[in-house]
A.B. asks: 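Supplied in structure tokens, the structure appears directly below.
Atoms considered below: every heavy atom in the structure, side chains included; atoms not considered: hydrogens, waters and symmetry mates. Every chain is numbered from 1, with letters handed out A, B, ... down the list of sequences.
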Protein chains: 2
Amino acid sequence: MASVKVLLEGKDFKLTQARKALLDIFVNSTKPLSYEDIKSTLSMDKATFYRNITKFEEQKIINAIESHDKKRYFEIKAKSHAHFICTTCNSVECIKNGIYVTLKNYTISNVILQGICPTCNLANDKN
Amino acid sequence: MASVKVLLEGKDFKLTQARKALLDIFVNSTKPLSYEDIKSTLSMDKATFYRNITKFEEQKIINAIESHDKKRYFEIKAKSHAHFICTTCNSVECIKNGIYVTLKNYTISNVILQGICPTCNLANDKN
DNA sequence: TCTTAAATGCAACTGAGTCGCATCAAATAG
DNA sequence: CTATTTGATGCGACTCAGTTGCATTTAAGA
């Protein structure tokens, strides 16, 4: 598990309390989080949140995923892996079992799968 | 190429002029389109556009893709194929050379790849 | 042709994300 | 250790894609 200190070392910005707290949440999360998700845990203005996210993206610390609910979800860019977005319940999950896609002349940084997650699939079967 | 008539046959809504014209644009497009993209071609109120898109999605005629620019792009759900979103120029492309991903207990309806497209890759190399 | 239910356009609204600005807190100089 | 500077923060106002309510229009069936 990447520590907050390691992630911030040698980066081109100030190490504020707010940033440490914010990254701490991301480091300890098992799934990508939106501003909505973190604001109950961390009292941070949304302008500050998004400005920090932009900084983190520039420094390649964090990755963004756009979900089906028109919100952006963020996660530590620790190791690249695919994501699954459920079009029924809008949940965003990390898919760890290696999905690797290559395409000539393209640089692929992210793979996103959309469809119906096991939970919603089960719920449908019962009807 | 799927015709507009075939797509609308037996569906649960009225065959208005506006709907035929709208679907005609999607049928003849080689890439997913946003409201911005179609409004210059077709004079249709955005409320009507999005209401029709919702209908088409319910009827499984059309597919939505959220791009990096926070806009939704739509296309005929004719045959399923992967999409590539360039994180540099925000273009959305269809990737026709079969990328098939399966995942146990998941229903996968869409594969989205993010990264840098050949054009932007080339532009970067020149710097 | 008449009726009616659904489709349209307009205007007002929503909500995620952005921007300007005044204040505040890290980092660095003195 | 204090002073200075520069970037970070919070607030409020704003933007813009997408939505909703409502009055009007149009497709479809009687």
A.B. asks: Would you say B:F13 and B:F26 are hydrophobically clustered, going by side-chain heavy atoms of ILVMFWY under 4.5 Å?
C.D. replies: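 Yes; tracing contacts between hydrophobic side chains, which count when under 4.5 Å, links both residues.
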
A.B. asks: B:N121 side chain to B:P118 main-chain N or O, any donor-acceptor pair under 3.5 Å?
C.D. replies: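 No, the answer is negative, given that no donor and acceptor are paired below the 3.5 Å cut-off.
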
A.B. asks: For B:F49 and B:I38, run side chain to side chain contact (heavy atoms under 4.5 Å, CB included): C-alpha distance rounded to whole Å, both residues' side-chain angles, the deciding distance at 0.1 Å, then the answer.
C.D. replies: CA-CA 9 Å; B:F49 173 85; B:I38 69 101; 3.5 Å; yes

A.B. asks: Once you build an axis from the first five pairs and another from the last five of the helix from C:dT1-D:dA30 to C:dG30-D:dC1, how far apart in angle are they, to 10 degrees?
C.D. replies: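 The end-segment axes of the helix from C:dT1-D:dA30 to C:dG30-D:dC1 are tilted 30° relative to each other.
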
A.B. asks: For A:Y50 and A:Y35, take the angle between the two ring planes, folded into 0 to 90°, and tell me which bin it lands in: parallel under 30, tilted 30 to 60, perpendicular over 60.
C.D. replies: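 Tilted.
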
A.B. asks: Going through the distances and angles, do B:V92 and B:K31 end up as a side chain to side chain contact (heavy atoms under 4.5 Å, CB included)?
C.D. replies: CA-CA 7 Å; B:V92 179; B:K31 63 179 178 60; over 6 Å; no

A.B. asks: Would you check if the side chain of A:D24 reaches a backbone N or O of A:A21 as a donor-acceptor pair within less than 3.5 Å?
C.D. replies: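 Judged by distance alone, no pair lies under 3.5 Å.
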
A.B. asks: Round to a whole Å and report the spacing from CG of A:D69 to P of D:dG18.
C.D. replies: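 After rounding, the reported distance stands at 13 Å.
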
A.B. asks: Give the first and the last nucleotide of DNA chain C, reading 5' to 3', that has any atom under 4.0 Å from a heavy atom of chain A.
C.D. replies: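 Contacts span C:dA16 to C:dA27, reading 5' to 3'.
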
A.B. asks: Sequence neighbours excluded, which residues qualify as side-chain hydrogen bond (donor to acceptor under 3.5 Å, both in side chains) partners of A:Y73?
C.D. replies: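 Residues passing side-chain hydrogen bond (donor to acceptor under 3.5 Å, both in side chains) with A:Y73: A:D69.
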
A.B. asks: Any N or O donor-acceptor pair linking the side chain of B:R51 to the base of D:dG21 at under 3.5 Å?
C.D. replies: yes

A.B. asks: Give the intermediate values and the outcome of side chain to side chain contact (heavy atoms under 4.5 Å, CB included) for residues A:E93 and B:Y106.
C.D. replies: CA-CA 12 Å; A:E93 296 174 33; B:Y106 289 79; 2.5 Å; yes

A.B. asks: Keeping A:R19 on the side-chain end and A:N52 on the backbone end, is there a donor-acceptor pair under 3.5 Å?
C.D. replies: no

A.B. asks: side-chain contact (heavy atoms from CB on, under 4.5 Å) with A:E57: which residues, sequence neighbours excluded?
C.D. replies: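 Per chain and number, A:E57 pairs via side-chain contact (heavy atoms from CB on, under 4.5 Å) with A:I53, A:I62, A:A64, A:R72.
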
A.B. asks: Residues from residues 31-48 of chain B sitting under 4.0 Å of DNA chain D, heavy atoms only?
C.D. replies: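 Of all residues in residues 31-48 of chain B, the ones placing a heavy atom under 4.0 Å from DNA chain D are B:K46, B:A47.
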
A.B. asks: Hey, does A:R72 reach any base, or is it just sugar-phosphate, or nothing, if we go heavy atoms under 4.0 Å?
C.D. replies: sugar-phosphate

A.B. asks: Report the residue (B:K71 or A:N52) whose heavy-atom-nearest nucleotide on DNA chain D is the more 5′ of the two.
C.D. replies: A:N52

A.B. asks: D:dA17 P sits how many Å from B:F74 CZ, rounded?
C.D. replies: 12 Å

A.B. asks: Reading nucleotides 23-29 of chain D from the 5' end, what letters show protein touch, with B for base, S for backbone sugar-phosphate only, - for no heavy atom under 4.0 Å?
C.D. replies: ---BBS-

A.B. asks: In whole Å, what is the span from the NZ atom of B:K70 to the P atom of D:dG18?
C.D. replies: 12 Å

A.B. asks: Measure CD1/A:I53 against P/D:dA8 and give the value in whole Å, please.
C.D. replies: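 Atom CD1 in A:I53 sits about 14 Å away from atom P in D:dA8.
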
